[in-house]
Amino acid sequence: MREERKSMLIVISGPSGVGKGTIYNKLLDNDPSLTFSVSVTTRGPRPGETDGIDYFFISDEEYQKLVAEDAFVEHATVHGHSYGTLKSQVEEKMEKGLNVVLDIDPQGARSVMASCPDCVSIFLLPPSYESLRQRLYGRNTDDPKEIERRLGNARGEIEQAHLYQYVVVNDNLELAYDQVSAIITAEKQRTNRFFPVVE
Ligand code: ADP
Ligand code: 5GP
């Protein structure tokens, strides 16, 4: 049996604090075919975040330069800061045959879905707004003003969940992880991505 596979772009969105990072980091740990596209952002690093791993932390000037150079697959202002997906990150990783995970907001996701209709799109929902609030305060990485801004934006983001191919509720973490993992497992076997040759 010979196999060829076309790599896949996986868009994961959801309101801040829903558990996107928790779920995709576990996916990345368990599936060597997956890799993360490191975005650029003009927001400052949180304690524990590493430049080049979590984000490329850049200045407004550097960001504007990248926009002028057409370096982004998509870019958007989210919660008052600029974020963007680098073409170099996505292209280099896909050329290596890896499946690339994008953690991007609904504006960016809409843009990627339009330019890459073949992508897999997943929206994560919290079980309630109260649980989102508790997770953001419990994570303790943002100040209360920033948390309230993110909670204020959550409703508008959640209204866009129907634009995605899949919706997963992250109430029980293990169940949500299993559901996202099952989506990726199934999507890998689509006949437009998987080309087995029986010898
Ligand atoms: P996001 O990347 O969407 O902003 P995180 O992955 O950082 O969210 O998760 C926010 C917080 O919620 C973290 O402290 C994480 O441990 C916690 N969390 C994630 N999933 C669950 C869950 N199903 N139940 C309770 N807490 C969760
Ligand atoms: P955070 O500041 O919590 O890391 O991310 C805030 C929001 O920005 C999240 O909704 C996340 O999905 C989004 N985000 C992160 N990187 C990008 C990106 O490259 N493009 C877009 N459009 N959104 C991003």
Side-chain angles (χ1 to χ4, degrees), residues 7-28 31 34-46 49-58 60 62-64 66-67 69-94 98-126 132 135-136 139 141-142 146 149-168 170 176 180 183-184 187:
S7 43
M8 142 173 101
L9 196 57
I10 303 161
V11 174
I12 298 185
S13 297
S16 185
V18 71
K20 300 180 295 296
T22 306
I23 289 178
Y24 68 67
N25 279 315
K26 195 170 164 192
L27 289 166
L28 292 165
D31 182 346
L34 298 179
T35 186
F36 183 63
S37 165
V38 182
S39 292
V40 305
T41 183
T42 61
R43 84 151 164 75
R46 297 176 180 136
E49 283 185 330
T50 309
D51 187 44
I53 295 194
D54 298 288
Y55 283 104
F56 296 107
F57 295 99
I58 61 171
D60 287 327
E62 288 169 309
Y63 179 82
Q64 288 308 332
L66 289 168
V67 173
E69 288 168 359
D70 194 25
F72 292 123
V73 175
E74 62 72 37
H75 58 96
T77 303
V78 192
H79 312 312
H81 298 285
S82 302
Y83 294 80
T85 304
L86 289 167
K87 286 182 182 170
S88 57
Q89 280 283 309
V90 175
E91 285 166 6
E92 281 166 24
K93 290 174 172 173
M94 288 188 87
L98 294 165
N99 298 314
V100 180
V101 175
L102 304 183
D103 168 356
I104 59 176
D105 88 307
Q107 304 167 76
R110 285 202 308 270
S111 165
V112 171
M113 288 181 221
S115 62
C116 175
D118 194 29
C119 71
V120 177
S121 56
I122 306 169
F123 195 93
L124 294 183
L125 284 176
L132 201 56
R135 286 181 198 178
L136 280 170
R139 187 170 71 183
T141 53
D142 300 287
E146 178 68 27
R149 164 148 72 171
R150 287 168 179 247
L151 288 169
N153 291 335
R155 279 175 202 273
E157 293 173 327
I158 286 173
E159 279 168 11
Q160 300 181 63
H162 67 281
L163 299 173
Y164 293 68
Q165 293 168 317
Y166 297 96
V167 175
V168 170
N170 180 22
V180 175
I183 291 165
I184 293 172
E187 287 286 343

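This one's a predicted model, so the numbers in the text were calculated from it and none came from an experiment.
Summarising the geometry, atom CD1 belonging to Ile10 is positioned 4.0 Å from atom CD1 belonging to Ile184; distances are rounded to the nearest 0.5 Å.
Evaluation of the side chain to side chain donor-acceptor pair (under 3.5 Å) rule for Gln165 yields no partner, not counting sequence neighbours. Qualifying salt bridge (charged side-chain N to carboxylate O under 4.0 Å, His left out) partners for Arg135, counting only residues two or more places apart in sequence or in other chains: none. Residues meeting the ring pair (Phe, Tyr, Trp, His ring centres under 6.0 Å) test with Phe36, sequence neighbours left out: Tyr24. The salt bridge (charged side-chain N to carboxylate O under 4.0 Å, His left out) check on Glu69 picks up Lys65, with sequence neighbours excluded. For the ring pair (Phe, Tyr, Trp, His ring centres under 6.0 Å) test, no residue two or more places apart in sequence or in another chain qualifies with Tyr166. Remark: Asp54 pairs with no residue by the salt bridge (charged side-chain N to carboxylate O under 4.0 Å, His left out) rule, at least two apart or across chains. For Thr141, the side chain to side chain donor-acceptor pair (under 3.5 Å) partners at least two apart in sequence or on another chain are Arg139.
Annotation: side chain of Leu27 is in contact with side chain of Val180 (closest heavy-atom distance under 4.5 Å). Side-chain contact check for Ile58 versus Leu66: some heavy-atom pair is nearer than 4.5 Å.
Exactly one of Ile104, Asp103, Val100 qualifies for a side chain to side chain contact (heavy atoms under 4.5 Å, CB included) with Val11. That residue is Ile104. Checked options Phe72, Tyr83, Phe56; the residue passing with Tyr63 is Phe72 (criterion: ring-ring contact (aromatic ring centres under 6.0 Å, His included)).
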Practice item. Any chance you could lay out the side chain to side chain contact (heavy atoms under 4.5 Å, CB included) test for His81 and Thr77, step after step, and finish with the verdict? Key: CA-CA 5 Å; His81 298 285; Thr77 303; over 6 Å; no
Exercise for review: Test Asn99 against Leu9 for side chain to side chain contact (heavy atoms under 4.5 Å, CB included), laying out the working first.
Suggested key: CA-CA 6 Å; Asn99 298 314; Leu9 196 57; over 6 Å; no
Review point. Under the side chain to side chain contact (heavy atoms under 4.5 Å, CB included) criterion, do Val73 and Leu86 qualify, and how do the steps go?
Key: CA-CA 6 Å; Val73 175; Leu86 289 167; over 6 Å; no
Exercise for review: For side chain to side chain contact (heavy atoms under 4.5 Å, CB included), just list the numbers for Ile183 and Val168, CA-CA rounded to whole Å, side-chain angles, deciding distance to a tenth of an Å, and then say yes or no.
Suggested key: CA-CA 10 Å; Ile183 291 165; Val168 170; 3.8 Å; yes
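In this structure a side-chain-to-backbone donor-acceptor pair under 3.5 Å is present from Gln160 to Gly156. Counting only distance, with no hydrogens or angles, the side chain of Thr42 and the backbone of Ser82 share a donor-acceptor pair below 3.5 Å. Judged by distance alone, the side chain of Glu49 and the main-chain N or O of Tyr55 form no donor-acceptor pair under 3.5 Å. At distances below 3.5 Å, not a single donor-acceptor pair connects side-chain atoms of Asn170 with backbone N or O atoms of Ala176.
Taking every heavy atom of both residues into account, Ile53 and Val38 meet most closely at O-CG2, 3.6 Å.
Among pairs with a residue in residues 105-120, those fulfilling salt bridge (charged side-chain N to carboxylate O under 4.0 Å, His left out) read Lys6-Asp118, Asp118-Arg193, at least two apart in sequence or across chains. Counting only residues at least two apart or in different chains, ring-ring contact (aromatic ring centres under 6.0 Å, His included) contacts with residues 98-117 are absent. The salt bridge (charged side-chain N to carboxylate O under 4.0 Å, His left out) pairs that include a residue from residues 149-162 are Glu146-Arg149, Glu146-Arg150, where partners are two or more places apart or lie in different chains. Every pair passing ring-ring contact (aromatic ring centres under 6.0 Å, His included) that includes a residue from residues 99-125 is listed here, sequence neighbours excluded: Phe123-Tyr164. Within the structure, salt bridge (charged side-chain N to carboxylate O under 4.0 Å, His left out) pairs that include any residue of residues 71-92 comprise Asp70-Lys87 (at least two apart or interchain).
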